Novice: 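Mind looking over this structure? Questions follow.
This one's a predicted model, so the numbers in the text were calculated from it and none came from an experiment. Scope of the values below: all heavy atoms of this structure, side chains included, with no hydrogens, waters or symmetry mates.
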Amino acid sequence: MILNEIKKELKYAKNLTLTSRYIILYRGTSVVIYDHKGSCRKKIPNLKYVYNGYVSPDETKLLLVSNTNRYYLFSLEDFSLLSSHTIKAPYNANLEGLACWYSNGSFLLPVQNSISMLSTLRKFNCDSSNSFEDFLAESFWIIYVTFVAQKNSYLILSK
């Protein structure tokens, strides 16, 4: 049974994620996290263009990638903001909210060069340093990335 509050929020949600512990609703300017009993655990306001989120494999972190040039990393244990980072030029064009987890401690984010219009697949560490490594630099325009568990591989689509 969906509680009235969740039903009301769902009406305005652009997307949702179901985990073993949470129902996460993405509204563009905010994210609302409910537990499976229907209790609102956290409302994250003041976001810009966040339509998707990615829960870490151990379900302890939530990665939010804005369609602008920013990502946010939240704890799903105490709902605190762990990290927030602005992607610097020239790799800050057309971030479409795409990402996937590489491990519990890192994630993959395709970033696009605004001059060449080609992408780099960037692996960010979840620590506070926001350090990263680049892969497939300036080779493709990456339009999708995800982990395929059955093959223990990553699917990367590009133009």
Novice: Output the distance between atom CD1 (Ile33) and atom CZ (Arg41), rounded to the nearest 0.5 Å.
Specialist: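 Ile33 atom CD1 to Arg41 atom CZ measures 9.0 Å (nearest 0.5 Å).
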Novice: Could you report the tightest heavy-atom contact between Ser30 and Pro45, atom names first, then the distance?
Specialist: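 Answer, listing the atom of Ser30 first, then Pro45: CB-CA, 4.1 Å.
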Novice: What verdict does the side chain to side chain contact (heavy atoms under 4.5 Å, CB included) test give for Ser139 and Leu118, after you've listed the backbone C-alpha separation in whole Å, the side-chain angles of each residue and the deciding distance to 0.1 Å?
Specialist: CA-CA 6 Å; Ser139 301; Leu118 294 173; over 6 Å; no
Novice: Has Thr29 got a side-chain atom pairing as donor or acceptor with Asn46's backbone, closer than 3.5 angstrom?
Specialist: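 Side chain of Thr29 to backbone of Asn46: no pair is present.
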Novice: Say whether Phe135 and Ile156 are linked into one hydrophobic cluster, either directly or through other cluster members, by side-chain heavy-atom distances under 4.5 angstrom.
Specialist: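 Looking at the clustering, Ile156 is in the same group as Phe135.
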Novice: How long is the span from the OG atom in Ser83 to the NZ atom in Lys61, to the nearest 0.5 Å?
Specialist: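 Those atoms lie 11.5 Å apart.
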Novice: Is a side-chain N or O of Asn113 found less than 3.5 angstrom from the main chain of Met117, in a donor-acceptor match?
Specialist: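 Such a contact is absent between Asn113 side chain and Met117 backbone.
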Novice: Kindly compute the distance separating CD (Glu138) from OG (Ser119), expressed to the nearest 0.5 Å.
Specialist: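 Rounded to the nearest 0.5 Å, the CD-OG separation comes out at 8.5 Å.
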Novice: Do you know which of Tyr22, Tyr26, Tyr54 makes side chain to side chain donor-acceptor pair (under 3.5 Å) with Thr17?
Specialist: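 Of the listed residues Tyr22, Tyr26, Tyr54, the side chain to side chain donor-acceptor pair (under 3.5 Å) partner of Thr17 is Tyr26.
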Novice: Minimum heavy-atom separation for Glu59 to Ser20, with atom names?
Specialist: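 Of all heavy-atom pairs spanning Glu59 and Ser20, the closest is OE1-OG, 2.9 Å.
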Novice: Is Ile44 reachable from Ile23 through a run of I, L, V, M, F, W or Y residues, each pair having side-chain heavy atoms under 4.5 Å apart?
Specialist: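 No: no chain of side-chain contacts under 4.5 Å links Ile23 to Ile44.
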Novice: How many angstroms lie between CG in Leu64 and CG in Leu81, if you round to the nearest 0.5 Å?
Specialist: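 Answer for the CG-CG pair, Leu64 versus Leu81, is 9.5 Å.
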Novice: Would you find more than 12 non-hydrogen atoms of other residues, nucleotides or ligands less than 6.0 Å from Tyr34 atom OH?
Specialist: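 Check passes, neighbour count above 12.
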Novice: Take a 6.0 Å sphere around OH of Tyr12 and say whether it holds more than 12 heavy atoms from other residues, nucleotides or ligands.
Specialist: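 Count not over threshold, so no.
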Novice: Is there a chain of hydrophobic side chains (I, L, V, M, F, W, Y, each step under 4.5 Å between heavy atoms) that links Leu108 to Leu155?
Specialist: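 No, it is not one cluster - the side chains of Leu108 and Leu155 are not joined through contacts under 4.5 Å.
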Novice: Distance from Leu73 atom CG to Asn125 atom CG, nearest 0.5 Å?
Specialist: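 It comes to 11.5 Å.
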Novice: Would you say that Phe74 contacts Ser80 through its side chain, given a criterion of any heavy-atom pair below 4.5 Å between the two side chains?
Specialist: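 The answer is no, as the side chains (C-beta and beyond) never meet within the 4.5 Å cut-off.
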Novice: Checking side chain to side chain contact (heavy atoms under 4.5 Å, CB included) for the pair Phe132/Lys123: CA distance, chi angles, key distance, verdict?
Specialist: CA-CA 5 Å; Phe132 60 85; Lys123 183 179 99 173; 6.0 Å; no
Novice: Pair Ser84, Arg70 - check side chain to side chain contact (heavy atoms under 4.5 Å, CB included), show working.
Specialist: CA-CA 7 Å; Ser84 176; Arg70 186 165 211 57; 3.1 Å; yes
Novice: Do Arg122 and Pro110 come within less than 4.5 Å of each other through their side chains, counting heavy atoms only?
Specialist: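 Answer no - side chains too far apart.
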Novice: What I'd like to find out is whether the side chain of Val31 reaches to under 4.5 Å of the side chain of Val50, using heavy atoms alone.
Specialist: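 Side-chain contact under 4.5 Å: yes.
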Novice: For this output row, return yes or no: ring centroids of His85 and Tyr72 closer than 6.0 angstrom.
Specialist: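 Ring centroids of His85 and Tyr72 are no less than 6.0 Å from each other.
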Novice: Calculate, to the nearest 0.5 Å, the distance between atoms CG and NZ belonging to Leu157 and Lys159 respectively.
Specialist: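 With rounding to 0.5 Å, CG (Leu157) is 11.5 Å from NZ (Lys159).
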Novice: Parallel, tilted or perpendicular for Trp101 and Phe107, by the 30°/60° rule?
Specialist: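 It falls in the perpendicular class, over 60°.
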Novice: Got a donor-acceptor contact below 3.5 angstrom from the Ser39 side chain to the Lys37 backbone?
Specialist: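 It does not hold such a pair.
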Novice: Let me check something: do Val65 and Leu82 share a hydrophobic cluster, defined by ILVMFWY side-chain heavy atoms less than 4.5 Å apart, either directly or through other members?
Specialist: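 In one cluster: yes.
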Novice: Determine, step by step, whether Leu63 and Tyr71 satisfy the side chain to side chain contact (heavy atoms under 4.5 Å, CB included) criterion, reporting the C-alpha distance in whole Å, the side-chain angles of both residues, the deciding distance to 0.1 Å, and the verdict.
Specialist: CA-CA 7 Å; Leu63 172 64; Tyr71 74 77; 3.9 Å; yes
Novice: Is the Phe147-Tyr102 ring centre distance short of 6.0 angstrom?
Specialist: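 Centroid distance Phe147-Tyr102: not below 6.0 Å, so no.
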Novice: Are Phe140 and Val145 connected, step by step, through hydrophobic side chains (Ile, Leu, Val, Met, Phe, Trp, Tyr) whose heavy atoms are closer than 4.5 Å?
Specialist: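 Linked, Phe140 and Val145 end up in one cluster.
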Novice: Return yes if some donor-acceptor pair links the side-chain N/O of Ser66 with the main-chain N/O of Asn69 below 3.5 Å, else return no.
Specialist: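 Between the backbone of Asn69 and the side chain of Ser66 there is no qualifying donor-acceptor contact (under 3.5 Å).
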Novice: For the residue pair Ser103 and Pro57, what are the closest heavy atoms and their distance?
Specialist: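 Closest approach of Ser103 to Pro57: O-CD, 4.2 Å.
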Novice: Between Ser56 (side chain) and Thr60 (backbone), is there a donor-acceptor pair under 3.5 Å?
Specialist: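 The answer is yes, because a donor-acceptor pair under 3.5 Å joins these two groups.
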Novice: So, for Gly97 and Asn67, which heavy atoms are closest and what is the spacing to 0.1 Å?
Specialist: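 Nearest pair, atom of Gly97 first, then Asn67: N-OD1, 3.2 Å.
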